[in-house]
Amino acid sequence: MSADSNRPLDPAAALDRGEATDVVQMHAAVQRERPEPMEGSEPLNLWLVVFIAVLLFWAGSYLTQYSGGFRADEFSENQINPAPPPVVGGSGGDDPVTKAVKAGTPLYVTYCAPCHQGDGNGVAGQFPPLAGSEWVLAEGPNRIIRIVLHGLGGPITVKGSTYNNQMNAFRDSMDDVQIANVVTYIRNSFGNKGSAVSAAEVAAIRTATAARVDPWSAAELEGVAVSGGGEGAAAPAALTVDQIKEALKALPAEDLKTLLQDVAK
Amino acid sequence: MSSTNTLKALMPGDVQSDPARRAMLAEIDASCRVPVLFFVVSGLMWLLLGTLLALVASIKLHNPEFLAAWEWLTFGRVRPAHLNTVIYGFASQTGIGVTLWLMCRLCRVPFPAPGLTTVAALFWNLGLTIGVVGILVGDSTAIEWLELPRYSTPILFFSYALVAVWSVITFRLRRERHLYVSQWYLLAALLWFPWLYATAQIMLLIEPVRGVVQASVNWWFAHNVLGLWFTPIGLGAIYYFIPKVVGRPIHSYYLSVLGFWSLALFYNWNGLHHLIGGPMPAWMITVSVVASVMMLIPVITVAINHHFTMVGHFGKLRHSPTLRFIVFGAMAYTLTSLQGVANSLRSYSEIVHFTHHTVAHAHLGVYGFFTMVMFGSLYYIVPRITQREWPSLALISVHFWGCALGLILYVVPLSYGGILQGLGMNDASIPFLKVVEGTLPWLRIRTGAGLLLALGHVAFVVNLGWLLCRVFGPYRKPVVELFTETGTAAVTAK
Amino acid sequence: MNVIALILLGSVVVVPAVALWSLHWASRTGEFRLLNRAALLPFDDEEPVGQATDQILNRGGDRR
Amino acid sequence: MNYGPLLFLGILFTLASSWVGLVLMPNRQLGALTANTSTNDTGVVVVYPQPRHGEAQQGAEHYRSLGCVYCHSQQVRPEGFGSDIERGWGRRRTVSRDYLYDKPVMLGTSRTGPDLTNIGERQSSHDWHYSHLYNPQITSKGSVMPPYPFLFEKRRVPASGPSSDALKLSGEFAVEDGWEVVPRPQARQLVEYLRSLKTTVDLPEAPLPKAAAVEE
């Protein structure tokens with residue numbers, strides 16, 4: 001305590017408004033009390049100390065076990081007991097449909113569900129339903145594969161309602177196996193019951209329509225046979241000779257060679 | 001009575017009753033009157049604005065069309081504007097005000113730079129106004145807890161530097177050799193905050209580090225604003241006001257020491273538990289998980305210490321507004337910390353991360369703990385620095401019950417709804433929109449709770465405004481007769 | 001062995017050592033003496049130990 | 001604890017510890033991370049990730065400014081931790097390298113809306129994004145996402161005929177005859193950014209799951 005505080009200070013100077021001159025009266029305003037004396041510097045409780053020791057032990061063991069060796073490229077805390085490598089659609093019965101549906105699920109969720117919704121019912125007026133759709137359930141998958149490969153534009157009638165929107169092309173996003181799986185999934189989910197689609201079918205259509213850039217229109221697809229066609233024979237009837245020629249010109253030389261070999265076979 | 005005398009004997013001679021002593025206390029209170037009131041009043045203005053923004057954001061979450069046509073009122077701008085007004089406008093300013101007063105009282109020195117600090121407060125509000133407007137017009141940095149645009153932060157930092165420097169100088173000038181627990185916490189907060197803030201500014205806004213290191217710095221900072229800025233100020237206030245109001249020293253010094261150092265050691269490692277499951281190397285998250293669990297030590301220690309100080313005095317909650325708010329805050333601190341420990345466990349975080357549960361948890365911490373403690377402190381401090389009593393007891397009750405019930409109604413349903421939301425999200429067979437739909441009732445309850453909180457805030461601001469009107473009016477004595485009957489009467493009778 | 005692991009392991013040794021030393025220092029220099037003094041710091045003449053303050057709510061009944 | 005300097009040193013030391021541990025160490029470990037170079041199945045050399053340019057980068061600024069990060073995360077949790085992968089939010093977890101060029105990194109802490117890490121892969125249609133931004137109820141009925149009408153311009157159909165990028169609105173969202181709604185540049189840039197969000201490249205520390213050979 002410094003010396004000057006022993007000198008009585010002028011209370012009026014202490015208060016900048018200077019309204020209260022009597023310090024006792026001033027502080028009376030803030031004095032409201034009831035007696036209750038106590039004091040304490042209790043020692044630590046033994047149980048608390050034990051508890052802390054247990055926590056510290058846990059901390060040490062957790063830190064050693066789940067730190068991934070303090071490596072910058074180890075993102076899983078479980079590297080001591082690594083999870084089995086994820087395999088999409090691994091086992092699940094011998095039935096090819098079940099297998100394909102399983103493998104198609106994540107693909108559907110990723111690529112299709114944003115528009116056609118998780119339950120396959122689409123959005124009224126915007127995105128057509130897949131559940132019970134005549135386009136999906138056609139006897140053969142020729143049209144639906146084409147739609148998935150190159151997308152679809154312009155008006156289309158599904159289950160009696162007309163939709164006019166633009167669907168993406170997925171030829172670069174998914175390979176033949178994946179498209180086969182996702183189409184099989186669509187044809188066998190939301191109450192749909194259709195045949196499985198093989199990667200070979202997709203590959204054939206992909207090759208046959210390799211030159212296509214624009215999305216299909218419903219009218220064009222009407223001209224495509226719903227089923228049938230095999231290796232190389234899937235060329236749609238709607239194509240004119242000129243279109244085929246142009247498509248062949250657009251093909252890279254190597255692809256053209258393979259195509260010709262395939263046709264020769 | 002004898003034990004009181006024993007205690008008095010332990011106090012230094014100059015603490016004992018003499019006019020100089022009284023005059024000094026009066027001088028201390030008067031010295032920080034202007035800066036503290038300035039910080040507190042402007043803080044409360046920000047609180048009102050923040051409450052309004054919160055209500056808008058809350059309504060938008062269940063009525064997305066609400067005020068959707070204006071770009072500057074879109075959810076993604078109102079929400080950060082709310083966060084920054086309440087954190088840097090209300091909580092920080094009120095916290096600084098309370099810190100200044102506590103520092104001066106405990107150091108036994110009048111505040112050395114009231115004028116300069118008031119100027120600092122002006123600048124703080126200026127910087128914040130620029131920053132919040134910046135967020136609304138689209139200059140938010142989108143870094144959580146640090147959204148204020150770059151051009152506003154130097155002003156804030158300058159202002160903070162002025163405040164902190166003078167608070168630390170006050171600490172250096174102390175006329176009392178002994179340090180009380182609150183002083184440890186307050187000094188720590190004053191020193192920790194600039195380090196945090198400067199580091200985050202430099203590494204995120206001025207010269208951003210690469211890739212996810214930003215996330216690491218971000219959460220180190222954001223969690224520490226809570227842990228190393230608000231928590232120590234709040235705990236410092238609790239450590240001061242519980243003993244002060246019940247008239248009895250804190251239960252155990254050793255628990256205080258243990259609580260302080262374990263908090264200092266563990267809290268600052270907590271931040272990265274916000275990134276569990278995220279793209280960070282496993283060790284960083286594991287370290288934070290461990291540190292979060294270790295927070296049990298300071299939390300339990302402090303809870304024991306406060307509880308045993310209160311034991312036998314809970315009846316006083318009925319009569320003391322300060323004690324009500326402070327004890328509510330202390331309990332909320334324990335609860336929110338335990339909830340925080342649970343949230344940081346990997347298995348639990350898997351469910352509640354990314355959900356509204358986290359939002360409820362944050363409000364239990366910043367509101368239930370810190371804000372309530374600040375309210376309690378203000379009920380004690382304001383009459384002492386203004387020499388006026390609170391004009392309306394009814395408004396105090398409205399304030400307390402509005403805030404307390406509002407907070408419970410906010411936290412409990414939203415925590416529960418958040419868990420349901422998390423369970424739903426983790427079940428891939430439930431479409432995402434169904435999960436969203438499931439959160440709507442809880443979000444509506446939240447808006448209702450927000451209205452209750454707003455009611456409490458308005459009651460408080462009206463009461464304070466009323467009190468301040470009396471300050472600027474002529475001095476009136478009746479306050480004494482109004483509220484004391486044992487106190488003054490007994491003292492003068494002796 | 002990684003640098004971080006080394007630092008962590010090192011701090012496991014260094015931190016408790018520093019803590020022990022500072023405890024020893026503290027007890028030697030009397031930091032733990034007169035704890036009561038520190039505990040009494042919030043109290044002053046106006047608001048002494050043993051007197052509850054701030055009792056303003058719900059007093060109406062008592063007064064009448 | 002009456003000795004100020006000791007208190008001061010202790011306060012600084014404790015914060016310094018986590019500053020070193022959670023700020024400097026991560027920066028040391030990850031600050032020098034570089035893009036990964038690999039060769040894909042078809043023999044093409046792939047460098048990943050790549051910085052964003054042009055419209056996509058401008059779109060990132062709108063994403064930041066509009067506060068999308070408060071409802072949408074950009075991180076995919078690992079297989080077996082949450083259901084991010086089952087939900088199709090990504091085919092692999094995200095790791096540090098995926099965010100190499102992001103400024104700021106908008107990982108997000110809330111999923112009021114779905115994760116957007118891989119939205120460019122999941123939904124590449126411009127039309128879908130425009131409709132969704134214009135009013136989320138068009139594409140996702142029941143969504144709590146706010147509409148962003150200010151990103152679009154409602155104008156008279158010009159004499160030259162309707163614009164190619166005018167929104168295809170029908171039903172309750174349709175505009176009067178002779179009017180059309182077209183995206184403003186902000187909407188265009190934002191959609192370019194969203195379409196650029198993809199994590200479809202293998203990384204050594206986070207390989208894509210191998211599709212099981214289903215067709216025999």
Side-chain angles (χ1 to χ4, degrees), chain B residues 60-62 64-65 68-69 71 74-77 79-80 138 140-144 177-179 184 187-188 191-192 195 199 204 208-217 220 228 257 261 264-265 268-269 271-272 274 277-281 284 287 350 354 358 425-428 432-433 436-437, chain D residues 1-2 4 7-8 10-12 14-15 17-19 21-23 26-27 29-31 33 64-71 73 75 77-78 81-83 86-87 93-107 109-112 114 136 140 142-150:
Chain B
K60 275 169 172 285
L61 267 181
H62 50 78
E65 306 273 345
E71 183 169 5
T74 192
F75 178 82
R77 293 197 183 158
R79 184 195 180 283
S140 155
T141 62
I143 298 169
E144 287 189 67
R177 182 181 128 71
H178 288 275
L179 294 179
W184 316 339
L187 184 69
L191 295 174
W192 278 329
W195 187 337
T199 306
L204 292 175
V209 285
R210 272 192 122 187
V212 289
V213 186
Q214 290 172 44
S216 175
V217 180
W220 174 78
L228 300 186
V257 175
W261 287 113
L265 205 55
N268 52 41
W269 284 86
L272 267 56
H274 288 269
M280 307 300 287
M284 297 181 192
V287 166
E350 180 181 0
F354 299 123
T358 319
M425 266 202 285
N426 283 355
D427 181 350
F432 191 81
L433 275 173
V436 170
E437 215 172 90
Chain D
M1 297 254 306
N2 296 325
L7 185 63
F8 181 80
I11 287 168
L12 292 195
T14 45
L15 184 58
S17 73
S18 78
W19 182 61
L22 295 184
V23 175
N27 198 28
Q29 273 200 338
L30 301 173
L33 206 61
R64 168 187 66 70
S65 152
L66 290 170
C68 307
V69 67
Y70 297 104
C71 290
S73 60
Q75 49 178 312
R77 298 195 277 183
F81 193 79
S83 72
E86 288 94 318
R87 279 193 184 274
R93 71 168 302 162
T94 51
V95 292
S96 308
R97 219 194 290 256
D98 289 312
Y99 305 90
L100 207 50
Y101 299 109
D102 289 5
K103 266 181 200 176
V105 168
M106 292 180 278
L107 294 180
T109 47
S110 176
R111 283 180 177 168
T112 307
S140 325
S143 163
V144 292
M145 175 164 146
Y148 292 88
F150 46 82

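By convention in this document, chain letters (A, B, ...) are assigned in the order of the sequence lines, proteins followed by strands, and residues within each chain are numbered from 1.
- With a 4.5 angstrom heavy-atom cutoff, B/L228 touches chain D only via side-chain atoms.
- For a residue to count as touching a neighbouring chain, one of its non-hydrogen atoms must lie under 4.5 Å from one of that chain's; by this rule D/E86 touches chain B with backbone and side chain alike.
- Across all non-hydrogen atoms, the minimal contact from D/Y70 to B/P80 is OH-CB, 3.5 Å.
- The parts of B/R77 that come within reach of chain D are both its backbone and its side chain, each placing non-hydrogen atoms under 4.5 angstrom from that chain.
- Side chains of B/D427 and D/S83 form no contact here, defined as non-hydrogen atoms less than 4.5 Å apart.
- Contact of the B/P279 side chain with the D/L107 side chain is registered, since non-hydrogen atoms from C-beta on lie closer than 4.5 Å.
- The minimum heavy-atom distance linking B/P281 with D/L30 is given by the pair CD-CD1, 3.9 Å.
- Heavy atoms from other residues, nucleotides or ligands lying under 6.0 Å from CZ of D/F8 number 12 at most.
- Every salt bridge (Lys or Arg N to Asp or Glu O under 4.0 Å) that D/R97 has, sequence neighbours left out, goes to D/E205.
- Using a 4.5 Å cut-off between heavy atoms, D/R93 contacts chain B through its side chain alone, with no backbone atom that close.
- Both the backbone and the side chain of B/W269 come within contact range of chain D, with heavy atoms under 4.5 Å apart.
- Two residues are said to be in side-chain contact when any heavy atoms from C-beta on lie closer than 4.5 Å; B/S140 and D/L66 fail this criterion.
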